[in-house]
There are 2 protein chains.
Amino acid sequence: MKTKDLILIVEDDPGISKMLQFTLTQDGYGCVIAENLKSAYRLFQVNNPDIILLDLGLPDGDGKTLIKNVRSQAMTPIIVISARHAEQEIVAALDTGADDYVLKPFSGIELSARIRSAQRRLLGIIPSQQHIVCGELVLQIETLIVSKNETILKLTPTEFNLLKYFMLHPNQVVTHSRILKEVWGVGYQHEMHYLRTFVNSLRKKIENDPSRPQYIITQMGVGYRFYCQNDSISKE
Amino acid sequence: MKTKDLILIVEDDPGISKMLQFTLTQDGYGCVIAENLKSAYRLFQVNNPDIILLDLGLPDGDGKTLIKNVRSQAMTPIIVISARHAEQEIVAALDTGADDYVLKPFSGIELSARIRSAQRRLLGIIPSQQHIVCGELVLQIETLIVSKNETILKLTPTEFNLLKYFMLHPNQVVTHSRILKEVWGVGYQHEMHYLRTFVNSLRKKIENDPSRPQYIITQMGVGYRFYCQNDSISKE
DNA sequence: ATACTTATCAAGAACTTGTCAAGATTTCAC
DNA sequence: GTGAAATCTTGACAAGTTCTTGATAAGTAT
């Protein structure tokens with residue numbers, strides 16, 4: 001069995017919490033249910049859930065207290081589910097540290113999507129993709145293979161690392177010293193000549209016209225900018 | 001004027017986008033506005049905004065395309081603002097990679113709170129880009145990029161420093177010697193000629209009609225004044 | 001009109017970046 | 001281990017930008 005992500009449901013109405021539990025179990029999550037603040041906080045500490053669903057109106061106090069307590073020690077996504085439609089309630093909950101605010105009655109399907117979104121953010125922070133695509137260029141991180149329009153390019157290790165760094169920072173200006181530090185290592189910040197030489201040889205391999213580069217663009221006095229347009233707008 | 005976080009507003013209804021711009025400027029953000037997908041993607045690439053507000057119904061296609069394109073290279077928070085209440089629309093947008101989905105008509109105050117929530121999540125994970133915004137001009141401090149509308153301007157280092165100084169001191173008269181001291185360094189206070197030459201070349205690049213400048217305005221006998229429309233709010 | 005300030009243009013100097021190739025070092029196969 | 005091949009390092013020079021400077025035109029105030 002796969003390990004499931006755990007969701008802490010904080011809700012005093014058994015009807016709703018049972019319904020939530022049913023839906024979320026269907027979606028493949030594990031659930032723990034708290035019916036009041038005290039038990040919610042204890043379950044949070046004990047179980048370290050991946051996501052918290054929180055109803056604000058609880059018998060022993062305002063749910064915002066829980067938000068505050070959780071935020072003081074973790075970034076666990078908190079999705080508030082509430083019947084309180086008042087604007088200042090929503091704002092207060094969000095500003096206390098909630099990630100999202102869903103109004104009752106809510107759609108189970110939408111809630112699932114919002115849970116997925118919260119999860120994705122948590123994971124997506126370090127996007128560990130297998131390959132990076134920039135225009136005609138495809139770089140496979142694992143296999144160290146770079147291809148341009150179906151043809152495999154023959155890059156040396158340093159060239160590959162440099163290109164990888166560029167492709168991981170598309171459309172941003174990166175300074176000479178930054179590139180040198182990231183690709184060659186600390187202590188190489190001033191070896192500009194390395195960078196020039198390797199940019200030169202990279203251009204020869206990836207650019208259509210190396211004398212008029214369209215990928216590696218030099219930013220005079222600063223560094224380089226890797227231009228990348230993944231344009232699917234024109235199509236579909 | 002301080003540097004601001006930049007918000008890209010993608011919205012084809014000028015009434016709504018103007019309203020958003022007003023609210024967000026009040027809140028201390030810089031804004032750029034796109035009225036269609038194509039321009040939105042370009043502005044995203046050029047300006048590296050900190051947050052994207054996206055209306056799904058655009059003249060040249062579905063906003064989800066933009067979500068896809070943005071997500072292929074960055075984790076920039078995307079808040080969808082839409083009149084489409086249908087559940088499957090919301091789910092689709094969230095699953096494509098949107099961070100939040102706000103229904104029209106929306107409350108400005110709630111939107112601000114949702115923006116703050118999105119920003120808070122990013123804190124410490126992705127260092128926020130610092131921008132200075134003046135009318136159509138957006139200057140990115142760390143990447144040394146200046147853009148006007150959708151195009152990146154090609155400025156030399158000295159031109160950039162001069163423009164940065166101007167944009168950091170908008171709507172105030174700065175004397176020749178002051179600019180020279182700040183931009184070129186102590187000892188250059190009397191090199192008026194430098195200043196004239198560089199103001200000249202800057203005007204050629206940033207002004208719509210360099211012979212009738214609207215940004216860099218000469219203050220006879222004193223110095224220059226950099227005119228900036230949307231600076232009425234934030235003071236240092 | 002005159003004196004003064006500001007704008008424009010262009011050419012050479014100074015600096016930054018690009019190119020190429022030879023020597024040094026590492027890697028890999030045998 | 002040894003030698004061949006590939007890769008990295010280094011230097012010299014070319015090409016390209018940007019800065020500095022001077023000359024001249026345009027604009028303003030008295």
Side-chain angles (χ1 to χ4, degrees), chain A residues 144-146 152-166 173-180 183-185 187-227, chain B residues 144-146 152-166 173-180 183-185 187-227:
Chain A
L144 308 188
I145 288 177
V146 178
I152 290 176
L153 301 179
K154 229 175 141 271
L155 300 188
T156 73
T158 312
E159 285 167 0
F160 180 86
N161 288 331
L162 180 56
L163 181 60
K164 179 168 136 194
Y165 182 77
F166 275 134
V173 175
V174 277
T175 62
H176 297 127
S177 54
R178 167 134 227 160
I179 302 172
L180 284 160
V183 178
W184 277 265
Y188 286 76
Q189 277 99 322
H190 303 290
E191 304 286 354
M192 293 265 218
H193 203 63
Y194 285 23
L195 189 51
R196 295 222 182 88
T197 313
F198 279 89
V199 163
N200 184 241
S201 56
L202 247 188
R203 276 179 175 153
K204 278 192 200 151
K205 294 182 181 180
I206 67 172
E207 299 283 359
N208 292 315
D209 176 1
S211 64
R212 230 158 326 114
Q214 54 180 156
Y215 285 112
I216 305 177
I217 293 157
T218 95
Q219 216 68 29
M220 262 282 189
V222 189
Y224 296 92
R225 188 168 67 88
F226 191 80
Y227 179 75
Chain B
L144 308 192
I145 283 184
V146 179
I152 290 179
L153 301 180
K154 231 175 138 267
L155 301 188
T156 72
T158 313
E159 285 165 0
F160 178 88
N161 288 331
L162 180 57
L163 180 60
K164 179 167 141 193
Y165 182 78
F166 275 135
V173 178
V174 278
T175 63
H176 298 127
S177 54
R178 168 124 225 173
I179 302 173
L180 283 159
V183 177
W184 276 265
Y188 285 77
Q189 277 98 322
H190 303 290
E191 304 285 356
M192 292 264 218
H193 201 61
Y194 285 22
L195 188 50
R196 299 234 169 81
T197 312
F198 278 90
V199 163
N200 184 241
S201 57
L202 247 189
R203 277 178 174 154
K204 279 194 200 150
K205 294 182 182 181
I206 67 173
E207 300 284 359
N208 292 315
D209 177 2
S211 64
R212 226 155 331 112
Q214 53 181 156
Y215 285 113
I216 306 177
I217 293 154
T218 91
Q219 220 66 31
M220 261 289 213
V222 190
Y224 295 93
R225 189 166 59 85
F226 191 81
Y227 176 73

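In what follows, every chain begins at residue 1, and chains take the letters A, B, ... in the order their sequences are listed. As a basis for the values below, the full set of heavy atoms in this structure was taken, side chains included, without hydrogen atoms, waters or symmetry mates.
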- prompt: Roughly, in whole Å, what's the span from CZ in A:Arg196 to P in D:dT17?
  reply: 14 Å
- line: What one should report as the nearest heavy-atom pair of B:Val183 and B:Leu162 is CG1-N, 4.0 Å
statement: From the candidates C:dT6, C:dC20, D:dC19, the one with an atom nearest any side-chain atom of B:Thr158 is D:dC19
- prompt: Rounded to whole angstrom units, what separation is found between the CG atom of B:Leu202 and the P atom of C:dC9?
  reply: 15 Å
task: Provide the closest heavy-atom pair for B:Arg196 versus B:Tyr224 in the form atom of the first, atom of the second, distance.
output: CA-OH, 4.4 Å
query: Should A:Thr218 be listed as having a side-chain N or O under 4.0 Å from OP1 or OP2 of C:dT17?
result: no
- prompt: D:dT7 C1' sits how many Å from A:Leu155 CG, rounded?
  reply: 13 Å
task: Considering non-hydrogen atoms only, spot the tightest contact between A:Gly221 and B:Pro157 and give its length.
output: CA-CG, 4.3 Å
Between CG on residue A:Leu180 and CZ on residue A:Phe198, distance to nearest 0.5 Å: 11.0 Å
Spacing between A:Asn161 atom CG and D:dT7 atom P, to the nearest angstrom: 13 Å
- prompt: What parts of residues 203-215 of chain B reach DNA chain D, counting only heavy atoms under 4.0 Å away?
  reply: none
message: Rounded to whole Å, please give me the gap between CE in A:Met192 and P in D:dT9.
response: 17 Å
Under the ring-ring contact (aromatic ring centres under 6.0 Å, His included) test, residues paired with A:Phe160 that sit two or more places apart: none
message: Aromatic contact between A:Trp184 and A:Tyr165, with the criterion being ring centroids under 6.0 Å apart: yes or no?
response: no
query: If you look at every heavy atom in A:Val222 and A:Val173, which pair is closest and at what distance?
result: CG1-CG1, 3.7 Å
- prompt: Could you give the CG-to-P distance, from A:Leu195 to C:dT17, as a whole number of Å?
  reply: 10 Å
- request: Heavy atoms only: give me the nearest A:Pro213-A:Ile217 pair and the separation to one decimal.
  value: O-CG1, 4.3 Å
Minimum side-chain heavy-atom gap B:Phe166-B:Val174 below 4.5 Å: yes
task: Answer with base, sugar-phosphate or nothing: what part of the nucleic acid does B:Tyr188 contact at a heavy-atom distance below 4.0 Å?
output: nothing
task: Quickly work out the B:Phe160 CZ to D:dC19 P distance and round it to whole Å.
output: 13 Å
query: salt bridge (charged side-chain N to carboxylate O under 4.0 Å, His left out) with A:Arg178: which residues, sequence neighbours excluded?
result: A:Glu182
statement: Separation of D:dT17 atom P from A:Tyr224 atom OH, nearest Å, is 13 Å
statement: Taking D:dT20, D:dT18, C:dT6 as options, the one with an atom nearest any side-chain atom of B:Trp184 is D:dT20
Using atom names, set out every protein N or O paired with an N or O of nucleotides 21-30 of chain D below 3.5 Å, distance rounded to 0.1 Å.
residue: D:dT21; atom: OP2; partner: B:Tyr194; partner atom: OH; Å: 2.6
residue: D:dG22; atom: N7; partner: B:His193; partner atom: NE2; Å: 3.1
residue: D:dG22; atom: O6; partner: B:His193; partner atom: NE2; Å: 2.7

- request: Ignoring backbone atoms, establish whether B:Asn200 has a side-chain N or O less than 4.0 Å from OP1 or OP2 of C:dA7.
  value: no
statement: With five pairs defining each end axis, the helix from C:dA1-D:dT30 to C:dC30-D:dG1 comes out bent, to 10°, by 40°
query: For residues 203-215 of chain B, which residue pairs qualify under side chain to side chain donor-acceptor pair (under 3.5 Å), counting only residues two or more places apart or in two chains?
result: B:Glu136-B:Tyr215, B:Lys148-B:Asn208, B:Glu159-B:Lys205, B:Asn208-B:Gln214, B:Asp209-B:Ser211, B:Asp209-B:Arg212
- prompt: Are any non-hydrogen side-chain atoms of A:Tyr227 and A:Arg225 less than 4.5 angstrom apart?
  reply: yes
